[in-house]
Amino acid sequence: MNERTSLVQEYLPWLYAGALSLWGAAVHIAQKVRAGEEFRGRDLVIDLMVCVFAGSIAFFLCQWQQMDGWFSAIAISLSAHSGPRAIGLYLNVHDRVIGGIK
């Protein structure tokens, strides 16, 4: 196998996971704008970072479980799409629990 093919096979899954994560972020942002929220660049950057983080975690879990193909794509894109929502829910619960203790 030549070196170019080896590099493509090594880095293609990373590009694939990143693209699916960015797609999840785009869908999440579109839903927020559709719901009537104002579009802000700062929120866009934060959502993109959270979606890529959540998608990367899903990617590592899929690699660990040796999932390939459609199952991996579905897991990564759903994780990326739901990442900001899940972190928001966690922060709300955290604020209520920790805020009630102080």
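Because the structure is predicted, anything quoted here is derived from the model rather than measured. Excluded from the calculations below are hydrogen atoms, water molecules and symmetry mates; all remaining heavy atoms, backbone and side chain alike, are included.
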TODO: Would you name the heavy atoms of Ala75 and Met67 that are closest together and state the gap between them?
DONE: CB-CE, 4.5 Å

- [ ] Under the side-chain contact (heavy atoms from CB on, under 4.5 Å) rule, collect the residues that match up with Ala54, sequence neighbours excluded.
- [x] none

Open item on the list: To the nearest 0.5 Å, what is the distance between CD on Gln63 and OG on Ser72?
Closed with: 6.5 Å

Open item on the list: Would you say Trp64 ends up clustered with Phe71 if hydrophobic residues are merged whenever their side chains have heavy atoms under 4.5 Å apart, either directly or through other cluster members?
Closed with: no

Open item on the list: Please enumerate all residues that pass ring pair (Phe, Tyr, Trp, His ring centres under 6.0 Å) together with Phe53, with sequence neighbours excluded.
Closed with: none

Open item on the list: Other members of the hydrophobic cluster containing Val45, with the 4.5 Å side-chain heavy-atom rule, please.
Closed with: Met49

